[in-house]
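What follows is one structure encoded as structure tokens, with my remarks underneath.
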Amino acid sequence: MSQNSGGNPYGHFDDENREYVVTRPDTPLPWLNYLGQDEFFGLCTNTAGGYTFWKDAKLRRLTRYRYNNVPYDLGGRYLYVNDGGSVWNPGWKPVKAKTDGYECRHGLGYSVISSVKDGLSVSQTMFVPPGENLELWKVTVKNSSSKPKEVKIYSYQEFCFYEALNDMTNYQRTWSIGEVEVEGGAIYHKTEYRERRNHYTLFGCTGPVTGFDTSRDAFVGIHEGLHEAKVPFAGKASNSKAFGWNPIGSHEVTLHLKPGEELTYAYVLAYVDHDLVGFQGEKFTAPFVINKAVGIDVMKKYSSVAAVDAAFERLRSYWNTNLGNFQVSSPDPHANRMANTWNQYQCMATFNMSRSASMYETGIGRGMGFRDSNQDLLGFVHMIPGRARERILDIAATQLSDGTCYHQYQPLTKKGNADVGGDFYDDHLWLVLSVCSYIKESGDTGILEAPCGYADKAYGAGLEKETLLHHLETSIAYTMAKRGPHGLPLIGHADWNDCLNLNCHSTEPNESFQTAGDVKDSKAESVMIAGLFLYAARELSDLYTFLGSKNDSQRIDTQRRTMLDILETVAWDGEWYTRAYDAEGKVIGSKSNDEGKIFIESQGWAVLGGAGADNGRARKAMESVHKHLYTKNGVVLQQPPYSTYNKAYGEVTSYPPGVKENAGIFSHNNTWIHLGWCLLGEGDRALEYYHSICPSTKESQIDTYRSEPYVYAQMTAGKDAPCFGEAKNSWLTGTAAWTFVVVSQGIFGIQPDFGGLRIDPCIPKAWPGFEVTRKFRGATYHIEVKNPNGVSKGVKTLSVDGKPIRGNVLPVMGKGEHRVEVILG
Ligand code: BGC
């Protein structure tokens, strides 16, 4: 049944169609969607803003976008409509003419933007077909007036010179290298093809093309803005041929529409790479004339509307298959909507993008993050385990043989870089979590033997071929070996909270907090890493048990117990766990501090790591979180915020109180607290906390929240900020994966385990039950959970296909459909 929400002034959910419908273009911030799922991606806002790249937003950017523009979001997949001299855009921008109706439907891997004005409606459906390196726009134009119309439609996209940083900085070169060709309905952007590139960008049109432009100066003008671009207002293409400066792609399509007549055609934006497709032909067919054979084939393939529609259907079924691995029906519409559709969808985006390209990440700063991508995988692995496998091996290969890791790598080259520093002493531990979650999902223990090697040159004998299992051992050993005076793990440049820079004492405004020089003989230690270690060590020890390696399991468990003792001995502050020790060995996150007395991360990880389970501290720590950190918009990162810059703590104290790591609501770490409540069996608290950061609940306060109500944002301003409740940095956040873990494994309790599917829900007492369909290792389980006694946790009975099962783990059953009944009590 559809659960369409009442929405907000800017739009509403269409749950049945899995779309978010934006009904006003002037949203409080641009509301973004992603196109693409494999290697070809686009960013697309609700006014058609954004850009396209292949694999890597830095090194293979195909179309251009100027970030932090005025207006905020400008440049994208524009269509200018000239209807008898009246010029407008279906996506409102850039002309911003008043239309008689506007709608943007952000769906899974596609966006449909439509507007109607003066009896003419134009609808533009943009998507990337699965498995293709191209983007399609299906355009439908309808004359619903009573008079015949001659309509001209001008497409507009700026080409990017592939290397995005160069494109936006090095004009002394780039303004002299631009080259294009035009043939048939297609524009070929061929800059640098004559030298080291064996690829070009094709922008084609299947409609009745009556002209074109490839020079931005000719189309827009020099002193004009996109909202007053010369060509569409003149109603005549200038057939300009770019030579240097800024090449663009624009087709003029002329349509004669009778009253009531509708016409559909398409645009294709393709990345054509001869190496990729193994093209053997000549590079040029004549001097300066590129061989267009592959491009021509692409155009032929999508020359019919039927082919475009079929590609769209493939996209729809691709998503139905992915999402079909987990579907829930519960009494909570927000959890249903997010878990069934948007949360999983966001997990695909974070898996693909890591922290590289969004409205806040420019695609030139960060690549794939080591800790980030390992965590992103946790929310993705159930959709396409095969891709998760490949990713794990890529990430592991950027670990160094001493156990440390490249903090990020470029997706195109898969090579690690130190651009944002290294020596974050939590990085390697996340690998243990991602590998274990992959094996739990897939049962593929063979991955442990995959020879992925280490990234450094200082290979000892055979280190270049070392297995993934070796990486896990190296990771655990590294944390045990690198400990400080209290016996806790050293923090390095920072742990998960990469703004807690305890070793980068910086007074120089021009240096990065992450790469500033290390304090000599530093003693800085992290309680959070200790908690994370407990968790990772338990995972590895359990894995060894599953593999039948009892000794190894015990060996790792002994290390876990050593760390647990240390943590309980040195990190308990009376009401909560402390956060860290600084370079001089002074405590952080203690009641003895004036500011930053209590932090969220160490509570979350100590509890998840199993600390405080037997002595009541876990519950006490969680209650302290509730008392000191919880707000209706989520849990703030610490309290009280830092009011002055403290070089001994670094970037965390550089932010104004209430934002980012300085007492902002950092959604990512909220999820560890949600899981903590689940562990303690507090289902009502778990759901209340889940709701506090759930974007779908924010529709009711959208003018404060401002960001997209369908995906998580990295941060919401905390109670100490003047804009409490304002969200920023949507889409690319570890919150996506972790919240899916919370909702699917914590609340609904469907937990993949090495030996089967564990069922251990933690729900509000008032829920009568819920149903989940979960595909797991080839079988489909239809799970019905009943809660006749009004409890939050505890499986009383479990049966599969009518047969009772002891314990709460469903065995691996191979193919087929199975009915599972669970009674809580
Ligand atoms: C980074 C993460 C980091 C988090 C907290 C994010 O921006 O991508 O790696 O853990 O901030 O500092």
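All of these numbers come straight from a predicted model, not from anything done at the bench. Counting convention: from 1, in listed order, for ligands and their atoms alike.
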Starting from the N and O atoms of ligand 1, find every protein N or O within less than 3.5 Å and list the pair with its distance.
| unit_1 | atom_1 | unit_2 | atom_2 | d |
| --- | --- | --- | --- | --- |
| ligand 1 | 7 (O) | Arg366 | NH2 | 3.1 |
| ligand 1 | 7 (O) | Gln714 | NE2 | 3.0 |
| ligand 1 | 8 (O) | Arg366 | NH1 | 2.8 |
| ligand 1 | 8 (O) | Arg366 | NH2 | 3.4 |
| ligand 1 | 8 (O) | Asp372 | OD1 | 3.4 |
| ligand 1 | 8 (O) | Asp372 | OD2 | 3.0 |
| ligand 1 | 9 (O) | Arg371 | NH1 | 2.8 |
| ligand 1 | 9 (O) | Asp372 | OD1 | 2.8 |
| ligand 1 | 9 (O) | Asp372 | OD2 | 3.4 |
| ligand 1 | 10 (O) | Arg371 | NH1 | 3.4 |
| ligand 1 | 10 (O) | Trp496 | O | 2.5 |
| ligand 1 | 10 (O) | Trp496 | NE1 | 3.0 |
| ligand 1 | 12 (O) | Trp496 | O | 3.3 |
| ligand 1 | 12 (O) | Asp498 | N | 3.0 |
| ligand 1 | 12 (O) | Asp498 | OD1 | 2.9 |
| ligand 1 | 12 (O) | Glu661 | OE2 | 2.6 |

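Across Leu412 and Asp56, no two heavy atoms sit closer than the pair N-OD2, 3.1 Å.
Less than 6.0 angstrom separates the ring centroid of Tyr67 from the ring centroid of Tyr65.
Residues passing the side chain to side chain donor-acceptor pair (under 3.5 Å) test with Asp38, sequence neighbours excluded: none. For Tyr705, there are no ring pair (Phe, Tyr, Trp, His ring centres under 6.0 Å) partners two or more places apart in sequence or in a different chain. A search for salt bridge (Lys or Arg N to Asp or Glu O under 4.0 Å) contacts involving Glu163 returns nothing, not counting sequence neighbours.
Residues Lys660 and Asn729 have side chains that never bring a donor and an acceptor to within less than 3.5 angstrom of each other.
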